[in-house]
Amino acid sequence: METNRAPGWRLGAIDAVRGAVMILMALDHVRDFFSRAAMSFSPTDLTRTTPALFLTRWVTHFCAPAFVFTAGIGAFLWWQHNRTRKQLAVFLLTRGLWLLAMELTVMRFAYDFSFSRSNPVFLLVLWVFGGCMVAMAALVWLPTGLLAGLSIAVIALHDCLDSVRASRFGAAAGVWNTIHQPGAFRLAGHVLIVGYPLAPWLAVMLAGFCFGRVFLMEAGKRRRILIATGVAAALGFVVLRALNAYGDPAPWSAQKSATYTALSFLNCTKYPPSLAFLLMTLGPVLLAFAYFERIPLQAANPLLVFGRVPFFYFVLHFYAAHASASFLAWLRYGRASLAFLFHPLPSMGGPSELFPQGFGYDLWVAYAMWALIVVGLYPVCRWFAGVKARRRDWWLSYL
């Protein structure tokens, strides 16, 4: 086993995969801010979508599972640098609380450019990372084998709870929303909207933590395990989805053409992530780890640059996308845009009646803005990656 690593050691494949999904993630968020279609219907609604729009959304499905899984791997590898289990628990707790605070402040403003109480509070990406890390701070005291079994059991069986609705719990419905079923509830006069319930994503992070041991193995053995596990997960998705009996609350069905039937087959449930969804996405992610291990990448490669500053990039890209969309709206609508610029977009559940008819742009505009934002963020992210590589200030680990 490759256990004698310097404190600053990284596996480039992990950073490369994380960087790749960060770039794809920006496409999804830019689409939310710019696509006209996103303002009126879901891109996975097969009665209204187009193959291009569906696949633009579908390809970004890999982002959340990959990012949560690699966060678990990263926590395990951090622990391996001569740190105690107590230090690991403190590491997870403090970073989890930090991310929760950032979701409720920095990201809340990024979503709306406003802290108005009339706007809902979204509990999205940083919420699920922070919540899962806080939970893991308690769970890492358990044996790794038990954690592995628990994570696999939750991933495989949580679909059995899909029929349990939050409304069944009355005043405590919000608890079920935070654990399993996405939804909205009121708390302290605010409307909270949970997009990422904790239980299934915690299982994914725990699975990554337990799988981290594979990245301490000899390179050849590690790649064999990555390939075998990735292929097994991908084939498991195909078989499970073909049976159409369990693993996703939305069965696939024959559509108006072979293309749309294929899209129906791929149209798995992300909120919460079904077993089929996680097999479909994590299988290729594991294969991507094996692929990037065999390709030497220079430090300036965008995949490594973005993958080494994920939080910094995440916050910046959201503000860049929202600011760009607001600027174009101001150019297009002038002062009239002030009536809607400080409210959530219809694509994010905002009041469509406040926005002009036909608000948004063709899909190609979203792609163009995605490219401009990613290219524009590269220099500043490369600079910050260099700062993190050269310095060891404690606060840099939070960014």
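These numbers come from a predicted model, not from an experiment.
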**Q** Does the Lys NZ or Arg CZ of R332 fall within the cation-pi geometry relative to Y361 - under 6.0 Å from the ring centre and within 45° of the axis?
**A**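 Yes, R332 and Y361 form such a contact.
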**Q** Would a distance-only check, ignoring hydrogens and angles, find a side-chain to backbone donor-acceptor pair under 3.5 Å from T84 to Q87?
**A**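 Indeed, once roles are kept as given, a pair shorter than 3.5 Å links the two residues.
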**Q** Using only atom types and a distance under 3.5 Å, with no angle test, would you say the side chain of R117 pairs donor to acceptor with the backbone of H190?
**A**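 Absent.
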**Q** Rounded to the nearest 0.5 Å, what separates atom CD in Q181 from atom CG in D162?
**A**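 The CG atom of D162 is 9.0 Å from CD of Q181, to the nearest 0.5 Å.
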**Q** Step by step, would you call N119 with F342 a side chain to side chain contact (heavy atoms under 4.5 Å, CB included)?
**A** CA-CA 9 Å; N119 293 336; F342 302 101; 5.8 Å; no
**Q** Report yes or no: do Q255 and S253 form a side-chain donor-acceptor pair below 3.5 Å?
**A**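 Note: Q255 and S253 side chains meet the donor-acceptor criterion.
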**Q** Donor-acceptor pair, E218 side chain versus G220 backbone, under 3.5 Å?
**A**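 Flag set: sc E218 to bb G220 pair under 3.5 Å.
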**Q** Nearest 0.5 angstrom please: W141 CH2 to R85 CZ, how far?
**A**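 With rounding to 0.5 Å, CH2 (W141) is 7.5 Å from CZ (R85).
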**Q** Can you confirm if the aromatic rings of F215 and F289 lie within a centre distance of less than 6.0 Å?
**A**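 Centroid separation for F289 and F215: below 6.0 Å.
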**Q** Nearest 0.5 Å, what's the CG-CE distance between L328 and M369?
**A**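 The CG atom of L328 sits 5.5 Å away from the CE atom of M369.
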**Q** Indicate if F76 and V214 have the same hydrophobic cluster label, given that clusters are the connected sets of ILVMFWY residues with side-chain heavy-atom separations under 4.5 angstrom.
**A**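 Yes, because F76 and V214 connect within a single hydrophobic cluster, where side-chain heavy atoms sit under 4.5 Å apart.
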**Q** Are L124 and M133 connected, step by step, through hydrophobic side chains (Ile, Leu, Val, Met, Phe, Trp, Tyr) whose heavy atoms are closer than 4.5 Å?
**A**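 Shared cluster, yes.
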**Q** If only atom types and distance count, is the side chain of H158 paired as donor or acceptor with the main-chain N or O of P200 below 3.5 Å?
**A**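 Side chain of H158 to backbone of P200: no pair is present.
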**Q** Does W252 offer a backbone N or O that forms a donor-acceptor pair with the side chain of N267 under 3.5 Å?
**A**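 The answer is no, because no donor-acceptor pair under 3.5 Å joins these two groups.
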**Q** Is it the case that atom CH2 in W364 sees more than 12 heavy atoms from other parts of the structure closer than 6.0 Å?
**A**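 No, because the 6.0 Å sphere around CH2 of W364 holds 12 heavy atoms or fewer from other groups.
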**Q** Can you tell which of F109, F33, F311 makes a ring-ring contact (aromatic ring centres under 6.0 Å, His included) with F318?
**A**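 One option only clears the test, and that one is F33.
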**Q** Is it true that the side chains of Y398 and T94 contain a donor and an acceptor less than 3.5 Å apart?
**A**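 Indeed, the side chains of Y398 and T94 share at least one donor-acceptor pair under 3.5 Å.
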**Q** Can you check salt bridge (charged side-chain N to carboxylate O under 4.0 Å, His left out) on E293 and R222, steps first, answer last?
**A** CA-CA 10 Å; E293 279 205 4; R222 178 170 62 246; 2.5 Å; yes
**Q** Using side-chain contact (heavy atoms from CB on, under 4.5 Å) as the criterion, point out the one residue from I193, L100, L104 that pairs with L123.
**A**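 Looking at I193, L100, L104, the match for L123 under the side-chain contact (heavy atoms from CB on, under 4.5 Å) is L104.
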**Q** Among side-chain atoms of S397 and R95, is any donor-acceptor pair under 3.5 angstrom?
**A**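 Yes, a side-chain donor-acceptor pair sits under 3.5 Å.
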**Q** So that I know where these two stand, are F384 and Y313 an aromatic pair - ring centroids less than 6.0 Å apart?
**A**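 No; Y313 has its ring centre 6.0 Å or more from that of F384.
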**Q** Counting C-beta onward and ignoring hydrogens, is there a side-chain heavy-atom pair between L147 and L142 closer than 4.5 Å?
**A**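 The answer is yes; the side chains approach within 4.5 Å.
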**Q** Is it the case that the ring center of F62 lies less than 6.0 angstrom away from the ring center of F67?
**A**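 Ring-ring flag for F67/F62: false, centres at least 6.0 Å apart.
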**Q** Ring-plane angle category for W201 and F277, please: parallel below 30°, perpendicular beyond 60°, tilted otherwise.
**A**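 Correct class here is perpendicular.
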**Q** Under 3.5 Å, is there a donor-acceptor pair between the side chain of D393 and the main chain of W395?
**A**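 Side chain of D393 to backbone of W395, a donor-acceptor pair under 3.5 Å: no, none is there.
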**Q** What's the separation between atom CE in M102 and atom CZ in R108, rounded to the nearest 0.5 Å?
**A**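 These two atoms lie 13.5 Å from each other.
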**Q** Does L266 belong to the same Ile/Leu/Val/Met/Phe/Trp/Tyr cluster as L27, with side-chain heavy atoms less than 4.5 Å apart forming each link?
**A**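 Yes.
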**Q** For residues D159 and S274, is any side-chain donor paired with an opposing acceptor at under 3.5 Å?
**A**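 Judged by distance alone, the side chains do not pair up.
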**Q** Whether the S116 and S114 side chains hold a donor-acceptor pair (N or O, under 3.5 Å, no angle test) is what I'd like checked.
**A**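 No - no donor-acceptor pair under 3.5 Å links their side chains.
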**Q** Is it the case that atom CD in E353 sees more than 12 heavy atoms from other parts of the structure closer than 6.0 Å?
**A**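 Enclosed: over 12 neighbouring heavy atoms sit under 6.0 Å from CD of E353.
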**Q** Regarding R168 and the six-membered ring of W176, is the cationic atom NZ or CZ under 6.0 Å from the ring centre and inside 45° of its axis?
**A**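 R168 over W176 ring: no.
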**Q** Once you round to the nearest 0.5 Å, how far does CZ of F91 lie from CG of L88?
**A**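 Separation between the atoms: 7.5 Å.
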**Q** Could you check whether atom OH of Y291 has more than 12 heavy atoms from other residues, nucleotides or ligands sitting under 6.0 Å from it?
**A**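 Atom OH in Y291 is not crowded, with 12 or fewer foreign heavy atoms closer than 6.0 Å.
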**Q** Could you go through the ring pair (Phe, Tyr, Trp, His ring centres under 6.0 Å) check for Y319 and F314 one step at a time?
**A** CA-CA 9 Å; Y319 274 90; F314 178 84; over 10 Å; no
**Q** Show, in sequence, the C-alpha distance, side-chain angles and deciding distance for D28 and R31, and conclude whether the salt bridge (charged side-chain N to carboxylate O under 4.0 Å, His left out) test is met.
**A** CA-CA 5 Å; D28 193 37; R31 179 191 57 80; 2.8 Å; yes
**Q** F211 and F69: aromatic ring centres closer than 6.0 Å?
**A**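 Judged by ring-centre distance (under 6.0 Å), F211 and F69 do meet the cut-off.
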**Q** Verify the cluster assignment for L399 and V309: are they in a single hydrophobic cluster under the rule of side-chain heavy atoms below 4.5 Å apart?
**A**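 Yes; tracing contacts between hydrophobic side chains, which count when under 4.5 Å, links both residues.
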**Q** Taking K388's backbone N and O only, do any of them form a donor-acceptor pair with R392's side chain (distance below 3.5 Å, no angle check)?
**A**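 Here the side-chain-to-backbone pair exists.
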**Q** Decide yes or no on side chain to side chain contact (heavy atoms under 4.5 Å, CB included) for W58 and L263, but give the supporting numbers first.
**A** CA-CA 9 Å; W58 180 82; L263 298 185; over 6 Å; no
**Q** Just how far is it from atom CD1 of I373 to atom CD1 of I23, taken to the nearest 0.5 Å?
**A**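 The CD1 atom of I373 sits 13.0 Å away from the CD1 atom of I23.
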**Q** Applying a strict under-4.5 Å side-chain criterion to I, L, V, M, F, W and Y, I'd like to know whether F237 and I227 cluster together.
**A**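 Shared cluster, no.
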**Q** Could you go step by step and tell me if W127 and T178 meet the side chain to side chain contact (heavy atoms under 4.5 Å, CB included) rule?
**A** CA-CA 10 Å; W127 141 263; T178 62; 4.1 Å; yes
**Q** Hey, are R18 and D15 close enough for a salt bridge, meaning a charged N less than 4.0 Å from a carboxylate O?
**A**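 The answer is yes: the pair qualifies as a salt bridge.
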**Q** Do the ring planes of F340 and Y333 sit parallel (below 30°), tilted (30 to 60°) or perpendicular (above 60°)?
**A**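 Correct class here is perpendicular.
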